[in-house]
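In what follows, a single structure is set out as structure tokens and then discussed.
Since this is a predicted model, take the numbers as computed values, not measurements. Residue indices begin at 1 and follow the sequence shown.
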Amino acid sequence: MLRGLHAAGAGMIAQQRRQEMLTNNLSNVNTPGFKADQASLRTFPNMLISAMGTDHARSHGTNRVGELATGVYMQEQTPKFNQGDMQETGNNTDIAILQGRVPQDEETGQNAVLLFETLNSDGDLRYTRNGSLTIDSEGFLTSSQGYYILAADGEPVNVQNETIRVNSDGEIFSAEDELLGQINVAVISDPEQLVKEGNGLLRYDGENDTPSAIDNDDVSYQLQQGFVEKSTVDASQTMTEMMSALRSFEANQKVLQAYDQSMERAVNDIGRLR
């Protein structure tokens with residue numbers, strides 16, 4: 001009976017975590033460049049049940065009774081790095097990555113992903129797909145949270161003001177057609193090693209290098225000025241999945257209540273029998 005309690009409780013925890021993930025997806029439906037997370041639910045290993053202290057082994061030739069499921073858990077949540085739709089804004093500092101041909105991992109079949117390089121508040125290298133950029137008081141091109149966007153040389157890009165022109169290769173020109181720099185686009189060959197840190201930033205924990213997409217024959221892309229990449233969250237599908245998670249949570253909750261009532265009767269009623 002206690003094993004049933006654990007299985008139902010594990011199911012409730014898994015669906016609660018899935019609901020939290022879906023809620024976060026839905027709250028970022030209008031966040032440029034946001035990649036929706038997807039959950040992977042797994043079952044705990046089944047337990048083998050054996051008969052002990054009975055005649056089962058002598059009558060059946062074995063003491064094995066069967067298997068017992070021990071519940072489920074949410075193993076991981078991973079972002080889906082598919083290309084989002086483009087939305088025109090008309091702002092000179094809005095830049096979207098239109099991803100074309102990218103390398104594919106031969107073993108996993110996973111496509112590489114293209115990302116802007118930036119620095120977080122501690123000065124560490126991070127990545128983002130959010131192209132809703134701005135210019136700080138010193139004239140540097142930054143993310144909407146104020147993080148420097150890096151150029152091909154690994155340094156922040158100083159564009160001076162918003163009267164800039166950005167071509168499809170990411171080269172930035174002033175109003176006088178002076179080349180101010182080129183926005184770097186990093187190639188992440190193993191997207192599963194990217195970890196979300198909030199504020200649209202991703203940390204790369206992989207061991208492989210992150211080459212640039214600039215002058216890379218294995219990569220094709222375009223940077224679109226005046227556009228942002230929309231979130232990949234499907235609001236209607238997310239709402240449907242949230243309802244499904246809620247129903248699964250309630251079903252496990254009813255099982256848990258049934259076990260609780262049975263245990264209450266066992267303690268209060270059976271204990272009074274003589």
Side-chain angles (χ1 to χ4, degrees), residues 4-45 69-87 89 96-97 99 105 108-116 118 120 126-132 143-145 147 188 190-206 227-260:
L5 281 171
H6 294 158
M12 291 175 65
I13 293 173
Q15 293 303 329
Q16 179 182 357
R17 291 176 177 172
R18 181 177 172 223
Q19 187 79 283
E20 292 170 352
M21 179 202 72
L22 293 170
T23 301
N24 182 65
N25 284 347
L26 193 61
S27 65
N28 286 281
V29 68
N30 293 319
T31 302
F34 181 83
K35 302 303 179 183
D37 288 318
Q38 55 187 349
S40 298
L41 297 181
R42 295 288 186 271
T43 59
F44 289 109
T70 54
V72 300
Y73 67 102
M74 194 172 82
Q75 184 183 36
E76 60 182 353
Q77 59 182 56
T78 54
K80 297 182 291 185
F81 285 102
N82 53 307
Q83 175 73 51
D85 295 332
M86 295 293 180
Q87 180 179 9
T89 64
I97 298 177
Q99 185 168 304
D105 190 284
T108 64
Q110 182 79 28
N111 289 328
V113 62
L114 306 182
L115 298 165
F116 295 115
T118 183
N120 66 3
R126 293 295 183 264
Y127 302 91
T128 183
R129 193 71 180 231
N130 188 340
S132 181
S143 69
S144 55
Q145 288 78 26
Y147 305 131
I188 307 298
D190 189 4
E192 293 184 355
Q193 300 300 321
L194 290 168
V195 180
K196 288 185 177 181
E197 288 191 340
N199 292 326
L201 299 183
L202 297 163
R203 184 183 74 248
Y204 180 63
D205 289 343
F227 290 79
V228 292
E229 181 184 4
K230 297 175 65 176
S231 167
T232 59
V233 177
D234 187 325
S236 59
Q237 180 181 352
T238 303
M239 289 293 294
T240 301
E241 292 181 4
M242 290 177 68
M243 293 298 296
S244 174
L246 178 60
R247 292 191 184 100
S248 297
F249 181 90
E250 292 175 340
N252 282 285
Q253 187 179 43
K254 291 180 180 178
V255 172
L256 196 66
Q257 291 172 345
Y259 274 113
D260 182 63

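Between Asn252 and Leu256, the closest side-chain pair of non-hydrogen atoms is not below 4.5 Å. The shortest side-chain heavy-atom distance between Ser248 and Gln253 does not fall under the 4.5 Å cut-off.
With rounding to the nearest 0.5 angstrom, the OG1 atom of Thr118 is 10.5 Å from the CG atom of Asn199. Lys35 NZ to Phe81 CZ: the interatomic distance, rounded to the nearest 0.5 Å, is 8.0 Å. Gln237 CD to Thr240 OG1: the interatomic distance, rounded to the nearest 0.5 Å, is 7.5 Å. Remark: Arg17 CZ to Met12 CE distance equals 13.0 Å, nearest 0.5 Å. Interatomic distance, CG of Leu26 versus CD of Glu241, reported as 11.0 Å (0.5 Å rounding). Taken from CD in Glu229 to CD in Gln87, the straight-line distance is 11.5 Å, to the nearest 0.5 Å.
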Worksheet item: What do the steps show when you test Ser236 against Thr238 for side-chain contact (heavy atoms from CB on, under 4.5 Å), and what is the final call?
Response: CA-CA 5 Å; Ser236 59; Thr238 303; over 6 Å; no
Item to complete: Please lay out, stage by stage, how Gln19 and Gln15 fare under the test side chain to side chain donor-acceptor pair (under 3.5 Å).
Response: CA-CA 6 Å; Gln19 187 79 283; Gln15 293 303 329; over 6 Å; no
Discussion item. Leu194 vs Val113, test: side-chain contact (heavy atoms from CB on, under 4.5 Å). Steps then yes/no.
Written reply: CA-CA 10 Å; Leu194 290 168; Val113 62; 4.0 Å; yes
Practice prompt. Dump the intermediate steps for side-chain contact (heavy atoms from CB on, under 4.5 Å) on Tyr127 and Phe116, then the final yes or no.
Written response: CA-CA 6 Å; Tyr127 302 91; Phe116 295 115; over 6 Å; no
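Phe34 does not carry Lys230 over the face of its six-membered ring by the limits of under 6.0 Å from the centre and within 45° of the normal.
Each of Ile188, Thr128, Leu115 was evaluated against Leu202; a single residue qualifies, Leu115, per the side chain to side chain contact (heavy atoms under 4.5 Å, CB included) test.
Side-chain contact check for Arg129 and Gln99: at least one donor-acceptor pair (N or O, by modelled atom type) lies under 3.5 Å. For the residue pair Asn25 / Ser27, no side-chain donor-acceptor distance below 3.5 Å is found, with atom types taken as modelled.
At distances below 3.5 Å, not a single donor-acceptor pair connects side-chain atoms of Ser231 with backbone N or O atoms of Gly33.
Lys80 and Asp37 are not joined by a salt bridge, as no carboxylate oxygen comes within less than 4.0 angstrom of a charged side-chain nitrogen.
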